[in-house]
Asks: 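Take a look at the following structure, please.
FYI, side chains are in, hydrogens and waters are out, and symmetry mates aren't considered; it's all heavy atoms of this structure.
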Amino acid sequence: MSEPSLFTLEDVYFAYPPGQEVLRGVNLSFSSGQQIGLYGSNGSGKTTLFHVITGLVTPVQGRVLFHGRPVHDEKGFRALRREIGLVLQNAEDQLFNPTVLDDVAFGPLNLGLSADDARDRAVETLHALGLTGFEDRLTHRLSGGEKKLVSLATILSMQPKVLLLDEPTNGLDPQTRARIIEILCQLPTSRIIISHDWDFLAQTTTEYMTIKEGRLVSDAPFLPHRHVHAHPLGDEPHHHHD
Amino acid sequence: MSEPSLFTLEDVYFAYPPGQEVLRGVNLSFSSGQQIGLYGSNGSGKTTLFHVITGLVTPVQGRVLFHGRPVHDEKGFRALRREIGLVLQNAEDQLFNPTVLDDVAFGPLNLGLSADDARDRAVETLHALGLTGFEDRLTHRLSGGEKKLVSLATILSMQPKVLLLDEPTNGLDPQTRARIIEILCQLPTSRIIISHDWDFLAQTTTEYMTIKEGRLVSDAPFLPHRHVHAHPLGDEPHHHHD
Amino acid sequence: MHISEGVLSPAILGLGAALTAVGTAIGLRRLDYDRLMTVAILAAAFFVGSLIHVPIGPSNAHLILNGLLGAILGWAAFPAILVGLMLQAVLFQYGGITVLGVNTFNMAFPAVLGFYLLRPAMVGSGRARSVAAFCCGALSVAGAGLLTALSLAFTAEGFLRAAQLLFLAHVPVMVVEGVVTVLAVSFLIRVRPEVFSIS
Amino acid sequence: MAAAFSVTVAMVRHPGTAAAGLLMAMIALCASLPPKRALLRRVVLVNVFILFLWLTVPLTMPGETLWTLGAVGVSREGLELVGMVTLKSNAILLAFLALVASMDSPTIGHAMARLGVPSKLVFLFLFTYRYVHVIADEWQRLRTAARLRGFVPRTDMRTYATVGHLFAMVLVRSLDRSARVYRAMILRGFDGRFASVCRFTIRPRDGLFVLCGLAAHILMIFMECFAGVLRV
Ligand SMILES: Nc1ncnc2c1ncn2[C@@H]1O[C@H](COP(=O)(O)OP(=O)(O)OP(=O)(O)O)[C@@H](O)[C@H]1O
Ligand SMILES: Nc1ncnc2c1ncn2[C@@H]1O[C@H](COP(=O)(O)OP(=O)(O)OP(=O)(O)O)[C@@H](O)[C@H]1O
Ligand SMILES: [Mg+2]
Ligand SMILES: [Mg+2]
């Protein structure tokens, strides 16, 4: 390859223990700067793909390469996870410390930062996301939208090179969704975003992929088009998440 | 009132124990045949409103009337819940029996049907939702979309007069969402549906309400309008969930 | 550590079963149906907790967490632990039916003692709370270890040294349990103090 | 059935009878055909405790010394005791596997109800079983979240602190979930009683099983008495 890829999946097969294969020969070579939108029907294996990339599940066949070298074991994946940050589909699963500050500082502490540095990093990240003042809030008392934002903060504070976001706008109201779009548009980080919300993908990513019959395929060209539809307050300025 | 209302909320105030008031003087008179779409920002109290109607939480002030009579106690709410079926926001919470059949038959059994009748009713309901063959599947192994459909089945099998649906299309792919729209359009049942997805509400309900500052308000008029936007496969037939 | 089937003498097995039956009866009598669900879920959480392995030096051990369970549930710890062990017997064949009584009593009795002796301080504040929580976690495991060792020792004299070793093996686990209990309690007090009013 | 067998075996004092019990349990097990690998793992697990006894008891139990290993003597009584325990343990384990473990927990719950176990305890058993999976998943997800952020378990305070927090969070979330599920139940008319559409069927094979079991049982009790008589 002329441009070195950041990570690569080579002919990956995966199945959950008793069942059928979810991934059947996935190939992907991801280079720095790419921004991929990933969609596909429920249960097609999108989340599973993210879990394979970050080594949370082990492929039945095929391998994951990181900076050109195959990753075999948990130790290799630990190094990989320092550069590739995954935000889980369900924000509740991401937050497990009592307060927001604890949670956002958890990653930097594991990266080896001192307690003070980790704290500063956390405060800074929260500020960048417009969450100043949330430091001492209890994580499980946050509203759905706030949980989504904080779970993004817990990964951003580790300053990963690649962001993997799994349905970041699920269940959010249009305002919060707009805020996440704005934040993502300002970040230059490489990313793969899973979403059922095409309009959201169109605003935050530049290439499109889908999973069909266990295979990752690049998507058809992108065509602007128009629709007529109706909704309350349709005469006021608004945007759509589709 | 000329037309008798099925249930009524009279000046309802509600607050979760330590916090601020979530509902501040809600009034609603719901008659048979109404189909209301309810939207509003995250944390505005939509789910809480459903919980007040079904007696899962008790208002600090104000009361709930059912067929014109105030409901005071758990016994009254039990009668109410036989006619007003609530499908919870989180499908995982709705499914608590080991198999799909057990779960769908649970309601009818509690309505006093015999085991055989309850079984038949469950099988019938699953069939109507296109879920034939799911009877013996384990509820916790279903995919996200399947869980949503089964949780709808658990309430439909009780044949309620009013359906309260809390974000029924969250996280569903466009096909499954279309299936739910189709099912709802065929059902004549009165309903209130909570969703952030205006396009979905437009297809399944006829009136619109929102919660603003703890008050339930009827919404502004409905205006058809057009947008230009882009997404993959934009040239093929598709629909939008916004 | 659980004792396997076929090790203990009938007398010990009978005694254990009888004591557990009494404890369970008391625990159940104090429960009504709407709290039963809560206890079931806590029992499941503790079952899962006992599958958590933490490193201790070069080896690792699984948590027991009977102290925390007792502090939250009081007498209901008996039925909760009984059910948890039954599930372990069914799902993993740790222990088994005849030793169910003894194993339940060994874990639940120290837990209930902890509830009466240490819980008042655990829901307090500051240093006293941490100390009480540590003791609750550590001593409940110590109590369980001691009772297990005693059941072995009373079965046959030959088991005496084995029983002593077994107890010693519990010591590092005691310390870890103490620490984990302190943190879990402070988390719960901050985030969900109502937990301690379930029993 | 399994319980009766376990109790009998636990009482047995004679090695011959214990061995016979083990044999019978093995036959029963073959008849019920459980998956092999899982079976093997379970047998190994139980024998870890037995191994611990093998390593300690013969060396420490006073009695007639058979041979010496360096400074410690291996006693005959110790060996006998442990040998006996090994036979008994495995006999009970295999019988248990054959008879109970091939049932699933809901069946056991219904069987318990039939046997007159208090309904609250049956309820507790069934729901604990139901939630073990849910909560194990919850734990797994939180642990995943920690791993994604570079957490590596070690022997240090930070590890124990993290485990404490993770577990407390699992508890909090489990409790929230219990409240929500209880709501889901009352929304569907639950009033404390459990009804079920699942019918408890007795197949002919089960009948045969019970018959053989009974026969084996009687045989064992005979052997035990007989051995006693011989000894006198
Ligand atoms: N832990 C598991 N055990 C067994 N099967 C699983 C597990 N997790 C997922 N599956 C199955 O694997 C398939 C792919 O699941 P996955 O979560 O990757 O789908 P997805 O594309 O992310 O779907 P969604 O859009 O609903 O999030 C599904 O059929 C699902 O039922
Ligand atoms: N069990 C609870 N204890 C304390 N506060 C709660 C509880 N449940 C909800 N709240 C708070 O009450 C407010 C209303 O919550 P509710 O769930 O009704 O919102 P919602 O409109 O359904 O939001 P969403 O669109 O995110 O589902 C929120 O601020 C929330 O934080
Ligand atoms: Mg997914
Ligand atoms: Mg809601």
Side-chain angles (χ1 to χ4, degrees), chain A residues 17-18 47 50-51 53-57 74-75 77-99 102-113 115 118 121-122 138-141 147 150-151 153-160 163-166, chain D residues 33-42 101-102 104-106 129 131-184:
Chain A
T47 299
F50 276 9
H51 288 191
I53 295 173
T54 48
L56 297 177
V57 298
E74 183 62 17
K75 215 175 134 224
F77 279 110
R78 272 182 207 148
L80 179 148
R81 289 183 206 125
R82 287 163 170 251
E83 302 194 10
I84 304 180
L86 166 57
V87 181
L88 299 171
Q89 182 160 359
N90 188 347
E92 300 230 327
D93 297 339
Q94 190 99 25
L95 307 175
F96 53 83
N97 285 291
T99 68
D102 286 339
D103 231 321
V104 180
F106 184 87
L109 278 174
N110 285 324
L111 291 181
L113 269 70
R121 176 83 71 87
L138 297 175
T139 49
H140 87 286
R141 286 264 169 83
K147 276 186 187 150
V150 172
S151 69
T154 63
I155 295 298
L156 289 182
S157 66
M158 296 176 73
Q159 306 185 338
L163 269 179
L164 307 180
L165 305 183
D166 198 345
Chain D
L33 296 171
K36 278 207 194 63
R37 269 197 48 194
L39 180 75
L40 206 67
R41 226 187 48 222
R42 288 164 178 202
S102 50
D104 56 352
S105 292
Y129 170 73
Y131 278 100
V132 159
H133 296 282
V134 175
I135 291 167
D137 285 352
E138 209 130 344
W139 165 259
Q140 214 53 51
R141 286 195 295 257
L142 290 181
R143 215 178 63 97
T144 296
R147 275 165 78 200
L148 282 173
R149 287 194 264 149
F151 173 67
V152 183
R154 296 194 182 85
T155 304
D156 61 6
M157 278 302 281
R158 236 178 86 62
T159 299
Y160 301 144
T162 303
V163 169
H165 282 168
L166 283 172
F167 185 70
M169 191 53 130
V170 168
L171 270 188
V172 167
R173 291 176 49 175
S174 309
L175 284 168
D176 286 351
R177 178 172 286 274
S178 78
R180 293 196 304 259
V181 167
Y182 188 70
R183 284 172 174 180

Asks: Do the side chains of D:Arg141 and A:Leu88 get nearer than 4.5 Å, heavy atoms only?
Replies: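 No. Closest side-chain heavy atoms not under 4.5 Å.
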
Asks: Using a 4.5 angstrom heavy-atom cutoff, name the option from A:Ile155, A:Thr54, A:Thr154 with the most pairs to chain D.
Replies: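 Heavy-atom pairs under 4.5 Å are most numerous for A:Thr154.
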
Asks: Given that the side chain runs from C-beta out, which part of A:Arg78 has a heavy atom under 4.5 Å from chain D: side chain, backbone, both or neither?
Replies: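 When you check distances to chain D, only side chain atoms of A:Arg78 fall under 4.5 Å.
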
Asks: What option among A:His51, A:Arg81, A:Glu74 has the most heavy-atom pairs under 4.5 Å with chain D?
Replies: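 Greatest number of close heavy-atom pairs with chain D: A:Arg81.
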
Asks: What part of D:Ala146 is in contact with chain A, defined as an atom under 4.5 angstrom from a non-hydrogen atom: side chain, backbone, both or neither?
Replies: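 It is both, since atoms from each part get that close.
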
Asks: Under a 3.5 Å cutoff, is there a donor and acceptor pairing between the side chains of A:Thr47 and A:Asp166?
Replies: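 A:Thr47 vs A:Asp166: donor-acceptor pair found between side chains.
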
Asks: Does the side chain of D:Ser174 reach to within under 4.5 Å of the side chain of D:Val170, using non-hydrogen atoms?
Replies: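 Yes, side chains in contact.
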
Asks: Are A:Leu163 and A:Leu156 packed together at the side-chain level, in the sense that at least one heavy-atom pair is separated by less than 4.5 angstrom?
Replies: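 Yes - at least one pair of side-chain heavy atoms lies under 4.5 Å apart.
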
